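Worth saying up front: this structure is predicted, and the values here are computed from it rather than measured. Chain A is the first sequence line, chain B the second, and so forth, proteins listed ahead of strands; every chain is numbered from 1.
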There are 2 protein chains.
Amino acid sequence: MDKELDIFIDFLRERNLKLTSQREDILKVFLKIDKHLSVEELYDIVKKKNPRIGQATVFRTLKLLREAGFAGEVNLGDRCIRYEYKYGHKHHDHLICIECGRCIEVVDPKIEELQQILCKREGFSPQKHKMEIFGLCKACRKGSRKAK
Amino acid sequence: MDKELDIFIDFLRERNLKLTSQREDILKVFLKIDKHLSVEELYDIVKKKNPRIGQATVFRTLKLLREAGFAGEVNLGDRCIRYEYKYGHKHHDHLICIECGRCIEVVDPKIEELQQILCKREGFSPQKHKMEIFGLCKACRKGSRKAK
DNA sequence: CACCTAATTGATTTTGAATTTCAATATCAA
DNA sequence: TTGATATTGAAATTCAAAATCAATTAGGTG
Ligand SMILES: [Mn+2]
Ligand SMILES: [Mn+2]
Ligand SMILES: [Zn+2]
Ligand SMILES: [Zn+2]
């Protein structure tokens, strides 16, 4: 956690930006929660720790965290941008339940490899990718069977 | 094209909805263009054919087309929902150039198969999926080499 | 065809997330 | 400590998406 803060400070210094208590608070909360959060959701949580903070600051800091490589954008099918903790976490994709909203994180090395091959075949130089599978999770599958 | 119209009419009848000239125009333009369009882009094109049409109608009809299985949502990394023609087209995924915006449509049967296996392993019942790879297309890769 | 009812339309308004503005404030290198 | 520069947060703005509503239209019934 201190390590992440140090990295963030270095990142800020490199770009002639300043470390503020707000930025530190937001980073800490974001690292600790470790969920797929919208700006507003993160704002609500940060507010509890520091009620004087504005949502514009949360918004701007989240953007910085993305540029610093701490946060990645996720699209879970609802109509807003979500962010997840990225630094030190391995890449993964998502299985999203359209019933309960649950989100399962998965990796399939074989798929990742085939993606590379696919890109090479197209002369395309990949930088990042997203794969989301929408459907019913184990629990909801059982639930809907009962309901019938 | 007539076939699609017939299917749409059946769809409407089933839900006690009416076929209007607006709906017919929008469907025809949408089928003909066959690109990844935002509501606004489709509206601009439809307006040329029928200038008295409102964007609310385009918006609502696009929603109907989605429900009827003619249109699918696509997210190309810009900040709006795009729709693509779906009916009778095979499923595919997208390679998106972050430089020029070009969008290459691809399918890898092996990846599709591995996705099914992955879901089975997680007890997840997949309904649809999206895979987008962001990077540089062949042309932009060459372009940026020159620029350096 | 004429009638009638429910669906549709489109100008307009509303929403809500994302983003910008700007005067007051805080940071940090010198 | 000082001062140039970055930051903050309330408020305003943007913009796509969605809702409102009075006027219009489709299409089933007789
Ligand atoms: Mn995740
Ligand atoms: Mn496509
Ligand atoms: Zn579920
Ligand atoms: Zn390109």
> Which of these nucleotides, D/dA6, C/dT8, C/dA29, is closest to any side-chain atom of A/Arg13?
Replying inline: C/dA29
>> Closest-nucleotide mapping onto DNA chain C: is B/Thr57 or B/Asn16 further toward the 5' terminus? I mean the 5' end.
In response: B/Asn16
> What does B/Gln55 touch in the nucleic acid at a heavy-atom separation under 4.0 angstrom: a base, only the sugar-phosphate, or nothing?
Replying inline: nothing
>> Tell me the interatomic distance from A/Ile26, atom CD1, to D/dT7, atom P, rounded to whole angstroms.
In response: 12 Å
> Considering heavy-atom distances to DNA chain D, does B/Arg79 or B/Thr20 have its closest nucleotide positioned more toward the 5' end?
Replying inline: B/Arg79
>> Rounding to an integer number of Å, can you tell me how far B/Asn50 CG sits from C/dG10 C1'?
In response: 11 Å
> Over how many whole Å does the gap from A/Phe11 atom CZ to D/dA6 atom P extend?
Replying inline: 15 Å
>> What is the separation between atom CG on B/Leu37 and atom C1' on D/dA16, rounded to the nearest whole Å?
In response: 16 Å
> Just wondering, are more than 12 heavy atoms of other shown residues or ligands nearer than 6.0 Å to NZ in A/Lys49?
Replying inline: yes
>> Whether the side chain of A/Lys18 and the base of C/dA26 hold a donor-acceptor pair under 3.5 Å is what I'd like checked.
In response: no
> Can you say whether the rings of A/Phe8 and A/Phe11 are parallel (under 30°), tilted (30 to 60°) or perpendicular (over 60°)?
Replying inline: parallel
> Of B/Ile53 and A/Leu19, whose closest DNA chain C nucleotide lies nearer the 5' terminus?
Replying inline: B/Ile53
>> On the side chain of A/Arg60, is there an atom forming a donor-acceptor pair with the base of D/dG9 - under 3.5 Å, no angle test?
In response: yes
> Using a distance-only test with no angle check, is there a side-chain donor-acceptor pair under 3.5 angstrom linking A/His36 and A/Glu105?
Replying inline: yes
> When the distance from OH of B/Tyr43 to P of C/dT9 is rounded to whole Å, what number comes out?
Replying inline: 14 Å
> So which one's nearest nucleotide on DNA chain D is more toward 5', B/Leu17 or B/Ser38?
Replying inline: B/Ser38
>> From C-beta outward on B/Cys80, which listed nucleotide comes closest to its side chain: D/dA16, C/dA18, D/dA11?
In response: D/dA16
>> Checking contacts here: which listed nucleotide (D/dA11, D/dA16, C/dA11) is nearest the side-chain heavy atoms of A/Ala56?
In response: D/dA11
> Rounded to whole angstrom units, what separation is found between the CG atom of A/Leu64 and the C1' atom of D/dT8?
Replying inline: 13 Å
> Tell me: CG of A/Leu62 to C1' of C/dA17, nearest whole Å?
Replying inline: 13 Å
>> Expressed as a whole number of angstroms, how long is the span from B/Phe59:CZ to C/dA11:C1'?
In response: 16 Å
>> With a 4.0 Å cutoff (strictly under), does any side-chain N or O of B/Gln22 reach OP1 or OP2 of C/dG10?
In response: yes
>> So if I take every side-chain heavy atom of B/Arg23 and compare against D/dA18, C/dA18, C/dT8, which nucleotide ends up nearest?
In response: C/dT8
> Hey, are A/Tyr83 and A/Glu41 close enough side-chain-wise for a donor-acceptor pair under 3.5 Å?
Replying inline: no
>> Could you tell me if the side chain of B/Arg23 sits less than 4.5 Å from the side chain of B/Leu12, heavy atoms only?
In response: yes
